[in-house]
Amino acid sequence: MPVAAGREKLKVLIRRSAIQKRVRQVAHQITKDFKGERVHLVGVLKGACIFLSDLVRELSLDTSIDFIAVSSYGKGKQSSGQVRVLKDLDSSIQGLNVVVVEDILDTGLTLSYLLRILQQRKPKTLRVAALLDKPSRRIKDVKADYIGFKIPNEFVVGYGLDYAERYRNLKDVCILSLPTE
Ligand code: 5GP
């Protein structure tokens, strides 16, 4: 069982074995879709780093990776609604098959902002792989091309996802409840 800090509670939502199996399926789909081409993965820091690391190793393609960091949540559980780039890509994506790798698609504010700025840089194609999707929370009409799991409206941590920078190392995706809830 994952260990929670203080009076916080964790409940496993998606087990590591299910994540591993699904990541492999998503990778096979991407491999099929881009057969014979190069794919440039753009990981959205920091939450997507573990998903990206597992995903890229399952791709049977010519690949390259880069990272971008955006802020939207600050330290809490609520989105501020404002997105800005904290760390930009290292290199140009012009003419590349770009797959944005996200940890979770929630309101869609982050992704719609990212897609807008990345599209301006003229990639050949621009797709999105999100490990998790909370469709009930959507404010912006934006969709991922590859989705690991659809989940209910719960705050989750683990497998790269944090609460105030903690819990990213959990192997399962867990629902976090705070003492006040
Ligand atoms: P959106 O802009 O779609 O509302 O939010 C996307 C970002 O919010 C994600 O990349 C993630 O960093 C954060 N986020 C949304 N829902 C959750 C959640 O349940 N748990 C965690 N840890 N982060 C979340």
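Numbering of ligands and ligand atoms starts at 1, following listing order. Computed from heavy atoms alone, side chains included, the values below leave out hydrogens, waters and symmetry copies. Because the structure is a prediction, the values reported are computed rather than measured.
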Is Leu111 close enough to touch ligand 1? Criterion: a residue heavy atom under 4.0 Å from a ligand atom.
no

Quick one: does any side-chain atom of Arg57 pair with a main-chain N or O of Ser53 as donor and acceptor, under 3.5 Å?
yes

Mind checking whether Arg137 has a heavy atom under 4.0 Å from ligand 1?
no

Please determine whether any non-hydrogen atom of Tyr163 lies less than 4.0 Å from an atom of ligand 1.
no

Using a 4.0 Å heavy-atom cut-off, say whether Asp103 meets ligand 1 through its side chain, its backbone, both or neither.
side chain

Does the Asp66 side chain pair with the main chain of Ser91, one donor and one acceptor, at a distance under 3.5 Å?
yes

Suppose I only count heavy atoms of Asp106 and a 4.0 Å limit; which atoms of ligand 1 are within that range?
1 (P), 3 (O), 4 (O), 5 (O), 15 (C), 16 (N)

Sub-4.0 Å atoms of ligand 1 with respect to non-hydrogen atoms of Asp162
21 (C), 22 (N)

I want to confirm something. Looking only at heavy atoms, which of Thr107, Leu13, Ile175, Ile151 is nearest to atom 1 (P) of ligand 1?
Thr107

Pull out every atom of ligand 1 sitting under 4.0 Å from any heavy atom of Leu161, numbered as shown with elements.
20 (N), 21 (C), 22 (N), 23 (N)

Count the heavy atoms belonging to other residues, nucleotides or ligands that lie under 6.0 Å from NZ of Lys87, then report whether that count exceeds 12.
yes

Would one find more than 12 heavy atoms of other residues, nucleotides or ligands at under 6.0 Å from atom CG of Asp141?
no

Output, in order, the C-alpha distance, side-chain angles, deciding distance and verdict of salt bridge (Lys or Arg N to Asp or Glu O under 4.0 Å) for Asp103 and Arg168.
CA-CA 11 Å; Asp103 53 358; Arg168 292 193 198 275; 5.7 Å; no

What are the atoms of ligand 1, with element, lying closer than 4.0 Å to any heavy atom of Val156?
18 (C), 19 (O), 20 (N), 21 (C), 22 (N)

Give the atoms of ligand 1, by number and element, whose distance to some non-hydrogen atom of Thr110 is under 4.0 Å.
1 (P), 2 (O), 5 (O), 6 (C)

Could you pull out, from Val70, Leu176, Leu105, Ile104, the option with a heavy atom nearest to atom 11 (C) of ligand 1?
Ile104

Heavy atom of Gly108 under 4.0 Å from ligand 1?
yes

According to the interplanar angle, ranging from 0 to 90°, do the rings of Tyr159 and Phe51 count as parallel (below 30°), tilted (30 to 60°) or perpendicular (above 60°)?
tilted

Is any side-chain heavy atom of Ile104 less than 4.5 Å from a side-chain heavy atom of Asp133?
no

I'd like to know if the side chain of Arg138 and the backbone of Val142 have a donor-acceptor N/O pair within less than 3.5 Å.
yes

Ligand 1 atoms nearer than 4.0 angstrom to some heavy atom of Glu102 are 10 (O)

I need the atoms of ligand 1 closer than 4.0 Å to a non-hydrogen atom of Leu109, numbered in the order shown.
2 (O), 3 (O)

Please give me the minimum heavy-atom distance between Ile93 and Leu118, naming the atom from each residue.
CD1-O, 3.6 Å

Per side-chain contact (heavy atoms from CB on, under 4.5 Å), Gln25 is matched among His28, Arg22, Gln29 by Arg22

For Glu154 and ligand 1, answer yes if some heavy atom of the residue is under 4.0 Å from a ligand atom, otherwise no.
yes

